[in-house]
Amino acid sequence: MKRFLLTLVSIFTIMVAVRAQETENPRHIFGVRAGVNFSRTFDTDMFDDFEHEFGVGFHLGGSYDIAISKSRKWYFQTGLNLKYHTARARELDEGMYNTSHDYDSYNIYESKFKALYLEVPAMFARKIRITDEWGIRPAIGLSYAVGLWGEGDEENSRYEHDVLVTNTHTTLDLFKQDVLDGGADWARHSINARLAVDVFFKNYLLGADVFYGSDMWGVSISVGYNF
């Protein structure tokens, strides 16, 4: 009888421990994410005199994490995200090659970029609990992104004695390869390097993500909830 009771107590203890682990460190985690992107284009070459500026976009999507260690501290992260990026580049040409030496004449070239991507991440994360409710989760990995739509606007403004003389616009298809026919030759399919960290409280989280892609790099800030 004692042996039978001891067996029941042992089984009950194991079940409680497993249940507690599943509650605090579940094997499968589904969540939602949303936030803002700060994106910047790259310098194209050593002769690129443009000042590349950050643009503001947004992202939203769902996430799925699965534990890959028995302790349920290491997770593989994936999901599906919709990301909208913007960026700007600007150059002031003061006419250094102007033979008339009319330095009061100058051009301002400005480019604006907008792009929409569908992204699938593949990250490895480490869950670190600080208390029963608080913790951090750094992650590193890659993501695959496909460009759904992209548009660029190139503007050339000619000034003489600080008075606008001419202004021209050219619209580009960012993911079109033929640069002689309105294309910008951006990569429609790209692999991005990513480094992220989440701070979580219970099922809520606040995260930061640095991404480095084919044509842009930047930082994303997000909030989320895990079910």
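Values below: all heavy atoms of this structure, side chains included; hydrogens, waters and symmetry mates excluded. Fair warning: this is a prediction, and the values are worked out from it, not measured in the lab.
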Give, for atom [atom1] of [X] and atom [atom2] of [Y], the distance between the pair rounded to the nearest 0.5 Å.
X	Y	atom1	atom2	value
S69	K127	OG	NZ	11.0 Å
K112	H169	NZ	NE2	8.0 Å
R27	K70	CZ	NZ	12.0 Å
S63	Y75	OG	OH	12.0 Å

Are [Y] and [X] connected into the same hydrophobic cluster when the rule is that any two of I, L, V, M, F, W, Y join if their side-chain heavy atoms are below 4.5 Å apart?
X	Y	answer
F200	Y225	no
V219	V36	yes
V199	I128	yes
L164	Y106	yes

* Got more than 12 heavy atoms from elsewhere within 6.0 Å of OH, Y204? ->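 Not buried by this count: 12 neighbours or fewer within 6.0 Å.
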
* Asked: Transitive ILVMFWY cluster of I191 at side-chain heavy atoms under 4.5 Å: who else is in it?
  ->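 Hydrophobic cluster check, I191: joined to F58, L60, L80, L82, Y84, L116, L118, V120, L142, Y144, V146, L148, W149.
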
Verify, without hydrogens or angle tests, whether [X] (side chain) and [Y] (backbone) share a donor-acceptor contact under 3.5 angstrom.
X	Y	value
R188	G147	yes
T78	P121	yes
N167	E155	no

Identify every side-chain donor-acceptor pair in residues 177-185 under 3.5 Å, counting partners at least two apart or on other chains, and give the distances.
residue: D178; atom: OD1; partner: L180; partner atom: N; Å: 3.0
residue: D181; atom: OD2; partner: K176; partner atom: NZ; Å: 2.9

* Quick one: does Y159's side chain get under 4.5 Å of V165's, heavy atoms only? ->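 Result no, sub-4.5 Å side-chain heavy-atom pair not found.
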
* May I ask you to test the N226-R33 pair for a side-chain heavy-atom distance under 4.5 Å? =>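 Yes, their side chains come closer than 4.5 Å.
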
* Take R158 and S105 through the test side chain to side chain contact (heavy atoms under 4.5 Å, CB included) and record every step on the way to the result. => CA-CA 8 Å; R158 174 72 176 176; S105 299; 3.4 Å; yes

* Asked: For residues N37 and H59, is any side-chain donor paired with an opposing acceptor at under 3.5 Å?
  ->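 H59 and N37 do have a side-chain donor-acceptor pair below 3.5 Å.
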
* Which residues satisfy the side-chain hydrogen bond (donor to acceptor under 3.5 Å, both in side chains) test with Y64, sequence neighbours excluded? ->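 Expected list: H28.
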
* Asked: For R88, what residues pass the side-chain hydrogen bond (donor to acceptor under 3.5 Å, both in side chains) criterion, not counting sequence neighbours?
  ->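 By the side-chain hydrogen bond (donor to acceptor under 3.5 Å, both in side chains) rule, R88 matches E110.
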
* When F113 is tested against each of W186, F54, F175 for ring-ring contact (aromatic ring centres under 6.0 Å, His included), which residue passes? ->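 Exactly one option meets the ring-ring contact (aromatic ring centres under 6.0 Å, His included) with F113, and it is W186.
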
Expected list for residues 207-214: side-chain donor-acceptor pairs under 3.5 angstrom, two or more places apart:
residue: D209; atom: OD2; partner: R194; partner atom: NE; Å: 2.8
residue: D209; atom: OD2; partner: R194; partner atom: NH2; Å: 2.4

* Which residues pass the salt bridge (charged side-chain N to carboxylate O under 4.0 Å, His left out) test with E154, sequence neighbours left out? ->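 With neighbours one apart ignored, the set is empty.
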
* Asked: Is K114 paired with E151 through a side-chain N to carboxylate O contact shorter than 4.0 Å?
  ->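 Answer for the salt bridge query: yes.
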
* **From CA spacing to verdict: side chain to side chain contact (heavy atoms under 4.5 Å, CB included), K83, S39** => CA-CA 11 Å; K83 288 193 169 183; S39 312; over 6 Å; no

* Asked: Quick check, are the ring centers of F124 and F76 under 6.0 angstrom apart?
  ->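 That pair passes the under 6.0 Å test.
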
